[in-house]
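Counting starts at 1 for both ligands and their atoms, following the listed order. For reference, positions follow the sequence shown, starting with 1.
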Amino acid sequence: MSDQTILAIETSCDETGIAVISKSGSDIEVLAANLASQIDIHRETGGVVPEVAAREHTQVLRPLIQKTLKESKIEPEDIDGIAVTVGPGLIPALATGVNAARTLAYAWNKPLIPIHHIEGHVITGLLTQKDQNTFEKTDDLFPSLALIVSGGHTLLIQANDYLDYKVIGSTKDDAAGEVFDKVGRMLELPYPGGPEISKVAQEGDSKAFNFPRPMIDSDDYNFSFSGLKTAVLYALKEMSPEEIKKRQADIAASFEQAVIDSLVAKTIKAATDRQPKQIILAGGVAANKKLRQSLKEKSEELDIPLHTAPLNLCGDNGVMIGMVGLLAEGKGRNKTWHQVDATARLNIEDFSI
Ligand code: KG4
Ligand code: ZN
């Protein structure tokens, strides 16, 4: 018998993630989890249109929650709380999940646990330590330095404990995933550009183009990618459509390398200065093999272990929100249904307990 069971809902962007997850002592069990991706729909417009995303979430939320509950074999009365992503993200999309969670919290008379989307990504890295299924607190966990790279965020976070976050660096303009997606569009690759660029880049020469690495030498832990994006755009303007096609792999590889160099340099700078027990890599862009490899090599040189989120939990999902829900439930984070709203911009530090 578990001590705590959470229903989790994630709708901040273009994935509807639902999970029922429970904990006995430090052991976590995912009882059921489902993910409805909208990628095929957003491919037609080359990116996410918030209202379209919201419409899709609305259509799948109810059946997906019912399916997940049924698969989990958990009755509503056995649920201790409903964890929901309240931000940051696209307001129309977030609002669909928050509304569903509010309705269920009201109907079942359960607490709502507001979750910051990035907390979800951070926890997927903390779980890779020894065993993905435990919150057991070992000496080699904290402080952790987390590089969170997704479509909306590029953050360096120092986690001093579970649910204790300090942001030490962030992007000054575009997020890493966002530039992958934008450059993907410039190269006429399907949405999302990240996985497509890394596939094409495998055949290319990463030194073919000398793209800039803005802020790489700045004396802080911040990132900047918009100058890189503009540099790619200008390079493409100099080329004929045939030449772009011919050199697509070289452009993709050189661009990818520039992003990776910036991400790795700042993470290693922060790790050198702060000597965390481990480095965590998580978020959608953490699925990038070259980034995983490159950060692994550099962290080994520092003798600091790197723990990368499992591939199935790199992109947005409900499980990561449920895991944070298990940790946060009952720790001053419980709200009643009318106290929780979707918010586009939120600071993860405000969610520290
Ligand atoms: O975390 P996530 O699923 O959603 C957000 O919270 O934004 O991240 C999605 C992002 C997209 O920008 C996508 O292009 C990027 O992750 N991505 C990648 C790779 N796989 C996904 N970027 C680079 N290389 C990849 N292999
Ligand atoms: Zn995300």
Side-chain angles (χ1 to χ4, degrees), residues 8-17 35-39 42-43 46-48 50 53 57 84-90 93-94 97 115-125 146-155 157 170-171 174-187 189-202 204 206 223 225 228-229 252-264 280-295 308-321 323-324 344-346 348:
I9 302 176
E10 153 65 41
T11 64
S12 65
C13 189
D14 57 354
E15 318 273 350
T16 319
L35 194 63
S37 172
Q38 305 175 0
I39 281 182
H42 300 307
R43 228 163 229 187
V48 180
H57 285 306
V84 62
T85 307
V86 291
L90 307 169
L94 284 165
I115 309 290
H116 189 290
H117 180 74
I118 299 301
E119 291 186 276
H121 285 305
V122 172
I123 199 74
T124 62
L147 172 64
I148 307 297
V149 265
S150 71
H153 304 271
T154 307
L155 289 166
I157 294 172
S170 62
T171 178
D174 292 1
E178 191 179 351
V179 279
F180 265 105
D181 295 342
K182 285 178 179 165
V183 170
R185 213 174 311 155
M186 291 179 204
L187 293 175
L189 293 167
Y191 173 84
E196 299 289 335
I197 286 184
S198 56
K199 216 186 300 162
V200 171
Q202 283 172 12
S206 63
F223 306 91
F225 295 106
L228 167 61
K229 178 185 68 187
S254 304
F255 160 76
E256 179 183 52
Q257 193 60 52
V259 177
I260 293 173
D261 285 352
S262 298
L263 293 173
V264 171
I280 288 170
L281 173 62
V285 183
N288 187 289
K289 254 198 232 148
K290 215 165 171 191
L291 171 62
R292 295 163 88 97
Q293 191 53 39
S294 174
L295 193 55
T308 307
L311 268 182
N312 63 328
L313 295 181
C314 279
D316 294 345
N317 62 83
V319 172
M320 66 184 194
I321 302 304
M323 286 176 170
V324 182
R345 288 181 184 278
L346 278 176
I348 191 173

Just which atoms of ligand 1 are under 4.0 Å from any heavy atom in Gly152?
7 (O)

In terms of ring plane angle, is the pair His117 and His121 parallel, tilted or perpendicular, where the classes change at 30° and 60°?
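Judged by the thresholds at 30° and 60°, the geometry between His117 and His121 is perpendicular.
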
Tell me which one of Pro192, Gly17, Gly151, Cys13 gets a heavy atom nearest to atom 9 (C) of ligand 1.
Gly151

Shortest reach to atom 15 (C) of ligand 1 by a heavy atom, considering only Leu311, Val285, Val149, Asn288
Val285

Which part of Ser198 is near ligand 1, with near meaning a heavy atom under 4.0 Å away: side chain, backbone, both or neither?
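The answer is the side chain of Ser198.
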
With distance as the sole criterion, is a donor-acceptor pair present between the side chains of Lys290 and Gln202 under 3.5 Å?
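The answer is no; no qualifying pair exists.
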
Relative to the Zn ion (ligand 2), which of the N, O or S atoms in Asp316 is the closest?
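Nearest N/O/S atom of Asp316: OD1.
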
Relative to ligand 1, is His117 under 4.0 angstrom through side chain, backbone, both or neither, heavy atoms considered?
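Contact part for His117 vs ligand 1: side chain (C-beta onward).
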
Look up atom CD in Glu196 and atom CZ in Phe180, then write down how far apart they are to the nearest 0.5 Å.
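Glu196 CD to Phe180 CZ: 12.0 Å, rounded to 0.5 Å.
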
Restricting to N/O/S, name the atom of His117 that gets closest to the Zn ion (ligand 2).
NE2

Would a 4.5 Å heavy-atom cut-off, applied to side chains only, mark Leu189 and Val183 as touching?
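Side-chain contact under 4.5 Å: no.
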
Among all protein heavy atoms, pick out the one at the shortest distance from atom 4 (O) of ligand 1; state its residue, atom name and that distance to 0.1 Å.
Asp316 OD2, 3.1 Å

Could you tell me whether the side chain of Cys13 reaches within less than 4.5 Å of the side chain of His42, counting heavy atoms only?
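With C-beta onward as the side chain, the pair stays apart.
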
Can you tell me which portion of Asp181 lies within the under-4.0 Å heavy-atom range of ligand 1? Options are side chain, backbone, both, or neither.
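The answer is the side chain.
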
Gly177, Gly194, Ala287: member with heavy atom nearest to atom 23 (C) of ligand 1:
Gly194

What are the atoms of ligand 1, with element, lying closer than 4.0 Å to any heavy atom of Gly315?
3 (O)

Counting each atom of ligand 1 from 1 as listed, which ones have a heavy atom of Gly284 under 4.0 Å away?
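Going through ligand 1 atom by atom, the ones under 4.0 Å from Gly284 are 1 (O), 2 (P), 8 (O), 16 (O), 17 (N), 18 (C), 19 (C), 20 (N), 21 (C).
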
For Ile348 and Glu119, what are the C-alpha separation, side-chain angles and deciding distance, and is it a side chain to side chain contact (heavy atoms under 4.5 Å, CB included)?
CA-CA 7 Å; Ile348 191 173; Glu119 291 186 276; 3.9 Å; yes

Take every heavy atom of His121, measure it against each atom of ligand 1, and state whether any distance is under 4.0 Å.
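Yes; His121 lies near enough to ligand 1 that a heavy-atom distance drops under 4.0 Å.
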
